[in-house]
Trainee: 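Take a look at the following structure, please.
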Amino acid sequence: MFKRNIALIVAVLFIAGIGSSLVRHRGISPGGTVVKAAGYGGVISLEMNRGPDGSITELILLDHNETPSCINDPANFLKQFSGKKAQDALALGKDIDGITGATVTSRAITDAVRATLKSEKLTTGKINPWNIILPLALLALALFALFLRSPLLRWAAMTAAGLYLGFISKAMFSLAQAANASLLHFPLFAVNSLWWMTLALSIIPAFIIGRLYCSSLCPFALIQELLARIPKKQTRSPQNLPVELQKTSSVLPYAHVKYLILIIVLALCFILGDTSAANIEVFITFFTGRGLPLAWVTLTLALTASVFYGHFWCRYLCPAGALLGTCASLAPLKIRAAHGCNSCGACLNICPVEAITAQGTSVEINNAECLLCGKCLRACSKNILALRKRS
Amino acid sequence: MKRSLSLLIISGCTLMALQIGVNIRLQHADPVAITETVSPAQIIALRSELEAKGLALYPALYWNEVK
């Protein structure tokens with residue numbers, strides 16, 4: 001019931017984000033980029049649309065606080081940007097004629113458009129096929145690992161994803177990505193196909209089977225899994241009690257914290273109309289090496305805590321994981337136990353995120369928390385756990 | 001165990017809340033800097049202050065042209 005309510009709240013926030021974006025930007029189309037320029041009287045907002053080759057097809061003035069007499073007919077000025085690419089110098093006075101009597105405004109718009117084009121490296125519209133093939137191969141490997149119950153294949157998928165998505169491409173599913181999608185801020189597929197692929201790799205499996213991305217494809221999960229293997233003094237006593245005595249995990253309520261963070265961040269993104277509130281994920285700092293001092297402190301805390309509490313970030317604080325967990329709670333497939341449990345408790349003891357609870361001989365797996373690591377499938381001596389249709 | 005875990009989670013949440021605050025402030029700082037009530041001298045001072053922190057006014061302002 002709790003997960004259903006969270007799913008409802010998240011869905012409402014997403015719809016609100018999309019609605020507000022449509023209202024704010026008057027129906028901005030996918031592929032359009034909002035360009036903000038520092039004009040004479042404040043921020044000038046423009047929508048920049050581009051063709052497949054990355055050249056500007058249209059520049060639309062959305063909002064401004066300039067002196068009306070200076071910018072009452074911007075159409076002729078903005079028309080000059082059509083066909084311009086990242087390679088073009090866009091020099092005011094040479095390539096672009098300024099608006100008479102509004103040099104600051106003209107220069108601000110020209111500079112902002114040039115900076116946006118350069119920052120997105122729109123040098124070519126050609127799609128790199130490896131950005132599609134490799135993520136799909138990783139997904140296939142993760143699925144094989146799950147269905148074949150092979151820890152070796154899972155480690156292969158995790159390592160390959162950690163190297164490719166984390167260290168090489170630095171393209172991971174993040175809350176900022178989801179927030180951008182909710183505000184209809186999409187990059188062109190030709191320009192940033194990995195953005196689309198990581199979104200698809202994480203969201204689509206989550207809606208069908210659960211958090212496969214979290215277990216086998218998330219680069220930061222690999223780091224946490226490695227940290228959890230550092231030998232240490234036992235902090236969590238094995239639950240060797242008969243299953244009849246097992247109760248709901250005592251630390252599971254802490255897992256709800258990440259849903260709270262998710263809701264607050266999405267609400268802030270919706271209210272502010274941008275994704276500044278969503279840039280809080282430590283794995284971005286870890287793999288890109290960039291971040292505010294606060295981000296580095298949070299990263300240090302997450303890494304240290306992961307040594308003592310396995311998957312600390314995934315279990316308690318990761319808002320992106322919470323979003324995927326919310327999707328997973330609606331998935332038609334989940335790990336379920338057939339009849340015949342002998343109450344050995346092996347699955348409860350091995351689950352790294354304590355997503356399994358049992359009462360008597362009835363075993364229940366919390367799909368929103370389950371990382372689909374497959375350890376319980378291999379640990380079950382009666383082989384009664386499997387991916388089945390939700391009842 | 002539960003106490004140390006609680007402390008870690010609370011610390012993590014506090015740090016993330018501070019990060020959200022700083023991110024929002026940074027994102028929405030520019031409009032404050034470029035309203036008409038801010039003088040060219042203040043802009044120059046703000047630019048120096050930001051540059052000292054490794055930040056920059058984005059995009060560049062051209063107050064020398066409106067003096």
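Computed from heavy atoms alone, side chains included, the values below leave out hydrogens, waters and symmetry copies. Throughout, protein chains are lettered first and strands after them, A, B, ... in sequence-line order, and every chain is numbered starting at 1.
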Trainee: Find out whether Ser4(B) and Tyr309(A) are in side-chain contact, i.e. whether some heavy atom of one side chain is under 4.5 Å from a heavy atom of the other.
Mentor: yes

Trainee: Under 4.5 Å from any heavy atom of chain B, what part of Ile261(A) do you find: side chain, backbone, both or neither?
Mentor: side chain

Trainee: Under 4.5 Å from any heavy atom of chain B, what part of Pro319(A) do you find: side chain, backbone, both or neither?
Mentor: side chain

Trainee: Mind ranking Val297(A), Thr304(A), Leu294(A) by heavy-atom pairs under 4.5 Å with chain B and telling me who comes out on top?
Mentor: Leu294(A)

Trainee: Rounded to the nearest 0.5 Å, what separation is found between the CG atom of Leu8(B) and the CZ atom of Phe312(A)?
Mentor: 5.0 Å

Trainee: Rounded to the nearest 0.5 Å, how far does NZ of Lys258(A) lie from CD1 of Ile9(B)?
Mentor: 9.5 Å

Trainee: Measure Leu268(A) against the heavy atoms of chain B and call it side chain, backbone, both or neither at under 4.5 Å.
Mentor: side chain

Trainee: With distance as the sole test, does Asn23(B) use its side chain to make a donor-acceptor pair with the main-chain N or O of Asn279(A) at under 3.5 Å?
Mentor: yes

Trainee: Between Val282(A) and chain B, which part of the residue has a heavy atom less than 4.5 Å away: side chain, backbone, both or neither?
Mentor: neither

Trainee: Using every non-hydrogen atom in the two residues, find where Ala277(A) and Ile20(B) come nearest and quote the distance to one decimal.
Mentor: O-CG1, 3.5 Å

Trainee: List the atom of Gln19(B), the atom of Ile280(A), and the distance in Å for their closest heavy-atom pair.
Mentor: NE2-CA, 3.6 Å

